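Here's the structure, in structure tokens; my notes come after.
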Protein chains: 2
Amino acid sequence: MVSSLRLPALTSLISPSFTRRSTVSLRRRLHLRPPLAAGFSAQSAASSPTETEDRVDSKKSGRVQDRGSTDRVITPRSQDFNAWYIDVIANAELADYGPVRGTMVIRPYGYAMWEAIQDYLNVKFKETGHSNMYFPQFIPYSFIEKEASHVEGFSPELALVTIGGGKELEEKLVVRPTSETIVNHMFTQWIHSYRDLPLMINQWANVTRWEMRTKPFVRTLEFLWQEGHTAHATLEEAEKEALQMIDVYTKFAYEQAAIPVIAGRKSKVETFAGADKTYTIEAMMGDRKALQAGTSHNLGQNFSRAFGTQFTDENGLRQHVWQTSWAISTRFVGGIIMTHGDDAGLMLPPRIAPIQVVIVPIWKKVDEKTGVLDAASSVAETLKNAGLKVKLDDTDQRTPGWKFNFWEMKGVPLRIEIGPRDVSSGSVVISRRDIPGKQGKVFGISMEPSILEAYVKDRLDEIQSSLLQRAISFRDSNIVDVSSYEELKEAISLGKWARGPWSASDADELRIKEETGATIRCFPFEQPQGTKACLMTGKPADEVAIFAKCY
Amino acid sequence: MVSSLRLPALTSLISPSFTRRSTVSLRRRLHLRPPLAAGFSAQSAASSPTETEDRVDSKKSGRVQDRGSTDRVITPRSQDFNAWYIDVIANAELADYGPVRGTMVIRPYGYAMWEAIQDYLNVKFKETGHSNMYFPQFIPYSFIEKEASHVEGFSPELALVTIGGGKELEEKLVVRPTSETIVNHMFTQWIHSYRDLPLMINQWANVTRWEMRTKPFVRTLEFLWQEGHTAHATLEEAEKEALQMIDVYTKFAYEQAAIPVIAGRKSKVETFAGADKTYTIEAMMGDRKALQAGTSHNLGQNFSRAFGTQFTDENGLRQHVWQTSWAISTRFVGGIIMTHGDDAGLMLPPRIAPIQVVIVPIWKKVDEKTGVLDAASSVAETLKNAGLKVKLDDTDQRTPGWKFNFWEMKGVPLRIEIGPRDVSSGSVVISRRDIPGKQGKVFGISMEPSILEAYVKDRLDEIQSSLLQRAISFRDSNIVDVSSYEELKEAISLGKWARGPWSASDADELRIKEETGATIRCFPFEQPQGTKACLMTGKPADEVAIFAKCY
């Protein structure tokens with residue numbers, strides 16, 4: 001059975017890797033076993049179980065001897081966070097490297113997480129009055145040059161099409177890095193009067209940015225996102241919209257992804273190329289680095305002036321429209337992995353999980369198999385009919401113990417075990433992914449549909465809020481209030497976030513980046529009361545800022 | 001109020017147009033009125049009503065004088081089908097030209113039709129065991145060259161990225177025209193044993209083909225589609241899959257889009273570049289030209305041999321996988337427009353329509369307004385709660401007559417009118433888009449929620465099947481059975497489809513194309529019984545083929 005070995009992690013061996021840095025770290029960690037090594041047994045697959053298995057027999061049962069193992073060795077998170085992240089992505093089959101440097105193939109399990117994000121946000125966007133549409137991805141190069149700071153921000157990252165249909169093109173085409181320019185070009189044709197406003201649209205699309213340092217999900221040459229674009233008659237309306245959308249993102253992060261982001265305003269230095277104001281949600285990853293997880297921009301009249309996007313107001317005067325844009329991308333999937341995962345692999349919040357409940361039937365003797373499988377199927381049906389995402393892992397190619405580890409690594413929130421004794425007693429055993437070992441395991445939950453359904457739903461709700469609470473505790477214990485640059489440096493050097501009053505210059509902000517590696521992540525919306533003195537200059541400061549190293 | 005004129009049709013004036021041919025026809029038809037012409041009144045907007053309005057007063061009611069008009073002159077379909085098509089797309093705001101030649105912006109109303117297509121197919125794909133994922137759109141040029149007929153088919157149509165991040169690239173990157181090559185590159189890394197098969201995936205994506213003759217939705221430089229890709233252990237399984245997916249498309253066309261496609265197999269000449277067999281669904285448009293509306297390919301081992309996509313079978317032998325791919329694109333939206341539309345504009349099958357029911361409140365006096373609007377809102381709520389897509393057009397910027405024409409032009413299947421007399425009698429007036437004038441109008445339908453909901457749902461079902469029946473009649477009356485080349489030529493010259501026995505050579509097939517403009521659309525799955533003589537050679541023919549001019 002040697003030839004049937006599945007070696008997903010080896011993919012990263014074969015394919016061109018992302019960046020020089022990640023190449024190095026990948027090579028360093030690679031488990032260079034002969035891919036067809038004989039005798040690579042279930043024991044080694046289960047060699048680092050995270051669960052204290054209290055029904056040891058189940059580890060060895062199953063009808064067929066394990067046919068090998070996936071190379072499921074995940075670098076411990078505490079040992080090397082980056083290596084852990086790459087291992088989790090490979091082993092959980094979330095993504096793989098594409099053939100072109102820095103590109104990524106999003107595999108079904110990872111894509112299903114993105115679909116969960118889309119399903120939620122798509123509804124919210126429509127509820128808040130936006131319509132989906134689609135703009136071409138090829139943008140004339142001249143468009144990008146029209147808005148001064150936009151071209152400065154994006155020109156180093158552009159992919160350019162210069163040949164089409166076998167011929168050199170007269171004008172180079174930009175593969176969209178973002179769509180403000182082409183959106184404005186079209187808005188000029190659709191907006192005439194104040195009655196055409198607000199114009200509120202969104203598109204789900206791929207975008208391309210020629211990044212030098214890439215990392216799966218977090219920063220890739222091509223990624224998927226949604227980009228909202230709106231035009232309004234007044235500055236106030238645009239500001240309200242920009243704030244509304246960062247609020248939609250914030251609620252999504254808390255309620256669906258269980259990520260306690262900090263929402264706030266970017267500093268001038270960190271503002272989007274072409275925006276007056278950028279609002280952001282900043283998430284603390286498991287290594288305490290910040291991840292910018294979504295942004296919403298008040299574009300002012302920057303693009304409307306560059307493109308002449310005007311309307312006739314109620315007094316018959318021509319005015320430039322006020323605009324916003326806002327986006328969340330597949331980067332968010334990386335944020336979910338890095339917020340909740342642990343040494344055993346992924347840990348998914350139930351509302352994002354592609355599989356919420358996995359059912360593992362356990363039998364030793366042939367005459368037990370039918371009864372166990374029937375009960376397992378019936379439980380699966382019950383839960384599916386209750387609207388849950390359920391996987392019945394009834395293959396006899398793997399032992400139950402192997403399956404336990406596998407689905408833990410895949411981050412499935414709840415596992416239901418059903419053995420012959422459970423069938424006799426009409427009950428099941430339920431284990432929580434977020435509580436390892438015996439503590440997370442409950443015996444004797446009735447199979448009776450209404451009881452089981454209610455129990456499972458309650459546990460999923462508990463896990464959802466437990467993941468959020470855990471992330472909040474982690475976040476709060478890693479933010480340090482600082483009142484001087486010395487304190488800031490110390491906090492950053494300890495890997496923490498520093499929060500302190502700030503009214504210093506852009507130059508000071510850049511100096512901090514150079515000296516500590518930290519940047520202003522945001523001026524959070526939630527501000528302490530009272531007068532403050534700038535941590536750098538001692539002068540009065542209206543606001544505190546949060547400093548951190550980031551992805 | 002002159003400045004508030006909305007002139008959607010003028011967009012096509014301003015933006016670069018699609019091809020030389022369509023530019024000419026666009027220019028020929030353009031209504032070069034001064035955009036700000038004063039006194040462009042509601043009368044002219046309602047100048048070509050398609051409905052014999054039996055409540056004439058409603059045409060002139062409304063609280064505010066019409067503030068101008070959209071330039072809603074649609075070229076009659078019978079006069080110039082292509083001009084009619086372009087006019088419908090512009091006036092119904094389905095799409096607009098992008099700034100780059102041959103590109104298209106899909107506007108919200110057109111995109112909502114695509115979303116209806118996606119929503120249905122996405123569920124069917126998952127039910128048939130496929131998972132969504134995402135492959136990068138940049139493909140190394142060398143990949144395209146690996147499969148001989150594939151490169152021959154696609155190389156003239158490629159867009160190439162040659163510059164990335166400010167630097168000339170070592171290898172040109174192809175912007176995907178289709179993904180068989182990159183899919184196989186990845187499949188080689190994921191497929192090891194027969195246990196990894198079948199591998200069945202799908203992606204929703206944009207693709208780029210540098211087409212010379214473009215037409216909105218039907219053929220654009222960039223378009224949206226889904227592409228399914230599967231790998232199997234045997235030829236038989238691949239063949240079964242290819243047939244299963246063309247069947248999914250066929251059912252979709254009949255049951256959702258009310259398009260009675262003819263499903264069949266492509267001739268060798270018309271087979272996809274890289275496939276052994278191509279199955280197709282062919283639809284007859286309103287001008288009787290054929291539209292290839294979806295395809296499913298049995299790729300045999302062509303790509304697996306080119307890329308070395310192998311698996312170890314149950315006997316331990318290495319084998320190349322057998323593959324399929326299948327796709328439906330935004331072209332299908334064009335097919336819906338050209339199947340059902342009439343001189344008044346779009347006519348949408350209820351299961352595709354972004355708005356299934358429009359409610360137009362009618363009042364003359366101020367004291368009538370509140371009662372009418374309250375009743376209209378209540379009816380809208382009732383129908384929305386019943387799961388229907390409802391638009392309440394309660395603006396007082398337009399007269400009811402203007403609204404009738406507008407929503408007819410947008411193809412909304414049902415219109416509900418509510419006036420003061422209706423409020424008094426607790427009833428509404430309901431008009432069908434597919435039956436013009438009095439014949440399609442029914443008075444005195446009770447507003448009582450359960451009655452109204454049932455009535456509306458029944459009518460929508462009737463419209464859905466009526467559109468299909470009408471299209472079937474049209475199709476069948478325009479297919480001519482031929483037994484000689486002379487008869488074929490006559491049928492084609494009359495604009496019809498010719499169906500006749502065929503066993504002649506590829507050269508003969510190409511000669512027919514040259515001499516008549518018609519191609520073999522397919523060998524339909526439904527074949528007449530009995531022996532047949534080839535229409536061209538008189539030799540025995542196993543099958544009849546369908547010949548037609550096509551888009």
Side-chain angles (χ1 to χ4, degrees), chain A residues 3-8 11 14-15 67 96 98-100 103-108 111-112 115 131-140 143 155-166 172-173 175 182 185-186 189-190 192-193 195-196 201 205-206 208 210 212 221-222 224 312 316 397, chain B residues 3-8 11 14-15 67 96 98-100 103-108 111-112 115 131-140 143 155-166 172-173 175 182 185-186 189-190 192-193 195-196 201 205-206 208 210 212 221-222 224 312 316 397:
Chain A
S3 54
S4 63
L5 280 172
R6 300 180 68 219
L7 296 155
T11 306
I14 299 156
S15 70
R67 59 182 171 92
D96 213 332
V100 174
T103 63
M104 169 177 68
V105 179
I106 307 179
R107 302 186 69 179
Y111 196 85
E115 287 180 310
S131 301
N132 284 335
M133 60 181 301
Y134 188 75
F135 291 86
Q137 76 165 337
F138 290 159
I139 301 175
F143 281 25
S155 65
E157 292 183 0
L158 300 177
L160 300 179
V161 172
T162 62
I163 297 172
K172 293 194 249 315
L173 301 179
V175 185
I182 193 167
H185 174 78
M186 299 312 298
Q189 299 170 46
W190 301 332
H192 306 281
S193 131
R195 290 197 187 84
D196 301 320
I201 62 98
N206 55 343
T208 298
W210 209 268
M212 282 299 113
L221 210 82
E222 179 192 7
L224 303 181
T312 304
Q397 305 292 333
Chain B
S3 54
S4 62
L5 282 173
R6 299 180 70 218
L7 295 154
T11 306
I14 300 156
S15 69
R67 59 181 171 91
D96 213 333
V100 174
T103 63
M104 170 176 69
V105 179
I106 307 179
R107 302 185 69 180
Y111 197 84
E115 287 181 308
S131 301
N132 284 335
M133 59 180 302
Y134 188 76
F135 291 86
Q137 75 164 339
F138 291 159
I139 301 175
F143 281 25
S155 65
E157 294 183 0
L158 300 177
L160 301 178
V161 172
T162 62
I163 298 172
K172 292 194 246 323
L173 302 179
V175 185
I182 193 167
H185 175 79
M186 299 312 300
Q189 299 171 44
W190 301 332
H192 305 282
S193 132
R195 290 196 187 83
D196 300 320
I201 61 96
N206 56 343
T208 298
W210 209 268
M212 283 297 113
L221 210 83
E222 179 192 7
L224 304 181
T312 304
Q397 306 291 334

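Because the structure is predicted, anything quoted here is derived from the model rather than measured. Proteins come first, then strands; the chains are lettered A, B, ... in the order of their sequence lines, and each starts at number 1.
For the atom pair OG1 of Thr103(B) and CD1 of Ile182(A), the computed distance is 6.0 Å after rounding to the nearest 0.5 Å. Taking CZ from Arg107(B) and CZ from Phe135(A), the interatomic distance works out to 9.0 Å, rounded to the nearest 0.5 Å. Expressed to the nearest 0.5 Å, how far CD1 of Ile163(A) lies from CD1 of Ile163(B) amounts to 9.5 Å. Note that the CD atom of Gln137(B) and the CG atom of Asn206(A) stand 4.5 Å from one another [nearest 0.5 Å]. Atoms CH2 and CG, on Trp190(A) and Asp96(B) in that order, are 6.0 Å from each other to the nearest 0.5 Å.
For Pro156(A), the part lying under 4.5 angstrom from a heavy atom of chain B is the backbone only. With a 4.5 angstrom heavy-atom cutoff, Glu115(B) touches chain A only via side-chain atoms. Of the atoms belonging to Leu158(A), it is backbone heavy atoms, and not side-chain ones, that fall under 4.5 Å from chain B.
Of all the heavy atoms in Val105(A) and Met133(B), the pair that sits closest is CG1-CE, 3.5 Å. Of all non-hydrogen atoms in Glu222(B) and Pro136(A), the two that sit nearest each other are OE1-CA, 3.1 Å. Of all non-hydrogen atoms in Gly165(B) and Trp210(A), the two that sit nearest each other are N-CG, 3.3 Å.
The candidate from Ile139(B), Ile201(B), Leu224(B), Thr208(B) with the greatest count of non-hydrogen atom pairs under 4.5 Å with chain A is Leu224(B). Among the candidates Asn132(A), Val175(A), Thr162(A), Leu221(A), the residue making the largest number of heavy-atom pairs closer than 4.5 Å to chain B is Asn132(A).
Taking the six-membered ring for Trp and thresholds of 30 and 60 degrees, Tyr111(A) and Tyr134(B) have nearly parallel ring planes, at less than 30 degrees apart.
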